[in-house]
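Along the sequence shown, the residues carry numbers beginning at 1. Worth knowing before you read on, the calculation uses all heavy atoms, side chains too, and leaves out hydrogens, waters and symmetry mates. Everything numeric here is computed off the predicted structure, so don't read it as measured data.
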Amino acid sequence: MSEDERAQHQDPAVGAAGSWAAPRPSADRETPLRVLRAAYGAFAAAVKPMGDEESWLPTGCTGWAVRDLLFHCLMDCQRGLVALHTPSSGPVDRDAVTYWQDWRPDSAGAANGRRWARVSASMFLDFRQLRQLYLETAAATVTAAAVTPAALGISTQGHVLTAGDLMTTLAVEATIHHLDLVAELPGAPGPSAAGLACVRSTLDGLLGRPVPVDWSNEHYALAATGRTSLTPTERQALGPDAGRFPLFG
């Protein structure tokens, strides 16, 4: 990795002296909105040209074809849209990093989610209908985010987050699933740079330090979510933290 690439991958919380603090939720409105718009825009650019044939290709998510994954992402857009219109007066109990602590792989909930997405996606006999519904819902979610104060507390999945942190989590999920989406589509456009940088910051926050392995943002996302296995060399570099991988799934 070149010095320029290292600079692009460096977490902004790493100071000149090498000290590091866990990422803090963004206090302004434009940063999470910008990242969400970039992540959703990149995902939409990959989805728009897809036809029925591509919709049956496998993805990076075990057991899901493209259409199954797209339905799952549609539901996440819908959840975000609902949350942005569900203000809460309760105390904030999750931020853009700690939100992911609830999401562990190989749980009964994960298995149910995989099956539900496959069954639901199969009801769209014409992939164009699913594709258009996703694109419209994603655009509506970004529009709603643009007029929602970042500091507003909102409810989603049994927790309260600020709207800005919700936007960040939506961008992280879309970016990771974008890598899943194009796993068998080498010619498709990839995730946004802003989305990948946001994923890296989130994963470092969960790890509690910048990852001590010379990974690209893309590989870090795949390794930290269980989509690719750690090599013996990587496990040695991670030390005791290797046992914590995947950080979420």
Side-chain angles (χ1 to χ4, degrees), residues 1 5 8-9 34-80 100 103 105 110 113-114 117-118 120-122 124 126-139 141-142 167-203 211 213 215-231 245-249:
M1 182 180 291
E5 289 172 326
Q8 290 176 3
H9 294 146
R34 174 180 58 81
V35 174
L36 178 63
R37 184 176 282 127
Y40 273 28
F43 196 98
V47 168
K48 283 179 182 177
M50 288 183 179
D52 191 72
E53 184 174 349
E54 291 90 350
S55 79
W56 294 109
L57 291 174
T59 69
C61 290
T62 302
W64 277 355
V66 165
R67 58 173 55 221
D68 306 321
L69 175 61
L70 188 59
F71 181 84
H72 171 77
C73 291
L74 164 64
M75 291 295 97
D76 202 52
C77 292
Q78 184 184 83
R79 179 181 64 82
W100 297 104
W103 300 102
R114 283 194 299 269
R118 291 202 70 186
S120 300
S122 71
F124 288 85
D126 187 339
F127 176 69
R128 292 173 299 179
Q129 295 174 332
L130 174 58
R131 182 185 64 196
Q132 188 60 28
L133 183 57
Y134 169 80
L135 293 172
E136 291 174 353
T137 308
T141 304
V142 173
M167 296 176 208
T168 300
T169 64
L170 294 173
V172 166
E173 177 139 5
T175 299
I176 292 174
H177 281 321
H178 194 147
L179 293 172
D180 294 327
L181 183 77
V182 300
E184 298 296 329
L185 292 165
S192 69
L196 286 168
C198 187
V199 171
R200 188 179 196 91
S201 179
T202 298
L203 294 172
V211 68
V213 186
W215 283 335
S216 68
N217 288 343
E218 290 87 344
H219 189 81
Y220 190 10
L222 296 174
T225 58
R227 286 160 168 80
T228 189
S229 300
L230 299 177
T231 66
F245 277 60
L247 297 174
F248 73 86

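- With contacts defined as side-chain heavy-atom distances shorter than 4.5 Å, the pair Leu196/Glu218 qualifies.
- Within the 3.5 Å criterion, the main-chain N or O of Gly63 finds a donor-acceptor partner in the side chain of Arg118.
- One finds the CG atom of Leu74 at 6.5 Å from the CG atom of Leu130 (value rounded to the nearest 0.5 Å).
- Cys61 is listed as a side-chain neighbour of His177, based on a closest heavy-atom distance under 4.5 Å.
- At least one donor-acceptor pair closer than 3.5 Å links the side chain of Arg67 to the backbone N or O of Phe124.
- Ala38 and Ala194 get closest at one heavy-atom pair: CB-CB, 4.1 Å.
- In this structure, CD on Gln78 lies 13.0 Å from OH on Tyr134, to the nearest 0.5 angstrom.
- For the atom pair OH of Tyr40 and SG of Cys73, the computed distance is 8.0 Å after rounding to the nearest 0.5 Å.
- With rounding to the nearest 0.5 Å, the separation of CG in Leu247 from OG1 in Thr202 is 11.0 Å.
- The nearest pair of heavy atoms linking Ala42 to Gly190 is CB-O, 3.9 Å.
- With a 4.5 Å cut-off on side-chain heavy atoms, Leu181 and Phe43 count as touching.
- Ala39 and Thr175 make their closest contact through CB-OG1, 3.6 Å (heavy atoms, listed as atom of the first residue, atom of the second, distance).
- Remark: of the listed residues Leu179, Asp68, Leu185, Val66, Val66 is the sole one forming a side chain to side chain contact (heavy atoms under 4.5 Å, CB included) with Thr59.
- The side-chain heavy atoms of Val199 and Ile176, taken from C-beta on, include a pair separated by under 4.5 Å.
- Side-chain contact between Glu173 and Trp100 is present, with heavy atoms from C-beta onward closer than 4.5 Å.
- Smallest separation of non-hydrogen atoms from Ala65 and Ser55: CB-O, 3.7 Å.
- No side-chain heavy atom of Val211 sits less than 4.5 Å from a side-chain heavy atom of Leu203.
- Residue Ala223 comes nearest to Trp215 through the heavy atom pair CB-CH2, 3.8 Å, listed as atom of the first residue, atom of the second, then distance.
- Residues Thr168 and Val35 fail the side-chain proximity criterion, which asks for heavy atoms closer than 4.5 Å.
- To the nearest 0.5 Å, the span separating CE on Met167 from CZ on Arg34 amounts to 13.0 Å.
- Ring geometry for Trp64 against His72 counts as tilted: the plane angle lies between 30° and 60°, on a 0 to 90° scale.
- Using modelled atom types, one side-chain atom of Glu54 and one backbone atom of Gly51 make a donor-acceptor pair closer than 3.5 Å.
- To the nearest 0.5 Å, atom CE of residue Met75 and atom CG of residue Leu70 are 10.0 Å apart.
- Minimum interatomic distance between Thr137 and Cys77 (heavy atoms only, all atoms of both residues): CG2-CB, 3.8 Å.
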